[in-house]
Amino acid sequence: MSREEIPISRDQMPEEARQYMDAIQSYFDHPFVAEHFFQVTWLTLSLGGQEADFFALEFHVGRHAALIWHDGEGNWGAGRWLRLAHPDADITCQPTSFSLDYFQHARANPSLGIAINLLVATQPTGSL
């Protein structure tokens, strides 16, 4: 089963999604971003019995995906690469090891560019 895609216009996007699109747009000429940026991903995670919705930038290299997110305090987190369930999957498609832990031990980076370079440096190689 492939992921559900809901095409929407920029006017229909939540404000936070537009902010992520604006942030990544200035990096579209970066070779890694041009080749591996996948989408702005809308995530819902359960935190202490309550659900929290937020957005992140999703990147794919072969059958692996990683996220970059903004913490609202000027820092950009970059997560580790996770193996995707199938070629059409996004990072949340089961089975995956994606969970709240994904975010908890990620280093805070002072800029989106540094977070992108971290993904470049840690991208999977070899058979994907």
Side-chain angles (χ1 to χ4, degrees):
M1 171 189 284
S2 65
R3 63 188 174 84
E4 180 181 351
E5 291 187 35
I6 305 170
I8 59 174
S9 72
R10 184 170 170 82
D11 294 340
Q12 295 172 308
M13 282 183 198
E15 177 60 28
E16 189 176 354
R18 282 195 300 272
Q19 291 171 359
Y20 273 89
M21 283 303 298
D22 291 345
I24 195 65
Q25 201 162 24
S26 64
Y27 290 91
F28 280 167
D29 62 343
H30 187 290
F32 177 82
V33 174
E35 185 173 347
H36 300 294
F37 174 65
F38 183 65
Q39 66 184 5
V40 174
T41 301
W42 189 342
L43 301 158
T44 303
L45 291 175
S46 181
L47 304 168
Q50 295 183 337
E51 288 190 345
D53 290 332
F54 61 98
F55 294 86
L57 301 170
E58 185 169 347
F59 295 84
H60 285 194
V61 172
R63 292 273 307 266
H64 291 85
L67 298 176
I68 293 178
W69 62 93
H70 191 266
D71 69 1
E73 297 178 16
N75 300 303
W76 291 88
R80 66 191 182 282
W81 291 95
L82 300 177
R83 179 115 172 114
L84 294 171
H86 53 82
D88 295 327
D90 66 25
I91 200 166
T92 64
C93 291
Q94 296 297 324
T96 184
S97 58
F98 180 74
S99 69
L100 185 57
D101 282 346
Y102 184 84
F103 302 97
Q104 292 179 327
H105 301 289
R107 187 176 85 197
N109 301 285
S111 73
L112 176 55
I114 292 171
I116 289 168
N117 288 336
L118 183 61
L119 290 189
V120 171
T122 60
Q123 70 183 302
T125 59
S127 79
L128 303 172

### Query
CD of Gln94: more than 12 outside heavy atoms within 6.0 angstrom?
yes
Considering non-hydrogen atoms only, spot the tightest contact between [X] and [Y] and give its length.
| X | Y | value |
| --- | --- | --- |
| Phe32 | Gln123 | CE1-OE1, 3.9 Å |
| Gly113 | Tyr27 | N-OH, 3.2 Å |
| Ala23 | Ser26 | O-OG, 3.1 Å |
| Ala85 | Cys93 | CB-O, 4.0 Å |
| Ala65 | Leu84 | CB-CD2, 3.6 Å |
| Ile91 | Glu58 | N-OE2, 2.8 Å |

Taking atom [atom1] of [X] and atom [atom2] of [Y], what is their separation to the nearest 0.5 Å?
| X | Y | atom1 | atom2 | value |
| --- | --- | --- | --- | --- |
| Gln104 | Leu100 | CD | CG | 4.0 Å |
| Phe98 | Leu67 | CZ | CG | 5.5 Å |
| Leu45 | Asp53 | CG | CG | 9.0 Å |
| Leu82 | Thr92 | CG | OG1 | 11.0 Å |

### Task
Flag the pair Leu57 / Val40 as yes when at least one side-chain heavy-atom distance between them is below 4.5 Å, and no otherwise.
yes
### Message
Are Leu43 and Trp69 packed together at the side-chain level, in the sense that at least one heavy-atom pair is separated by less than 4.5 angstrom?
### Response
no
### Message
Which label fits Phe54 and Phe103: parallel for a plane angle under 30°, tilted from 30 to 60°, or perpendicular past 60°?
### Response
perpendicular
### Message
Does the plane of the ring in Phe55 sit parallel, tilted or perpendicular to the ring in Trp42? Use 30° and 60° as the thresholds.
### Response
tilted
Under 3.5 Å, is there a donor-acceptor pair between the side chain of [X] and the main chain of [Y]?
| X | Y | value |
| --- | --- | --- |
| Arg80 | Ala66 | no |
| His36 | His60 | yes |
| Asn109 | Leu112 | no |

### Chi angles and distances behind the side chain to side chain contact (heavy atoms under 4.5 Å, CB included) call for His30, Asn117
CA-CA 10 Å; His30 187 290; Asn117 288 336; 3.5 Å; yes
#### Entry: Pair Phe59 + Phe37: ring centers closer than 6.0 Å
yes
### Query
Going only through I, L, V, M, F, W and Y residues with side-chain contacts under 4.5 Å, is there a path from Phe28 to Leu119?
yes
#### Entry: Working for side chain to side chain contact (heavy atoms under 4.5 Å, CB included), residues Ile24 and Ile116
CA-CA 10 Å; Ile24 195 65; Ile116 289 168; 4.1 Å; yes
#### Entry: Trp76: partners by ring pair (Phe, Tyr, Trp, His ring centres under 6.0 Å), with sequence neighbours left out
Tyr20, His70
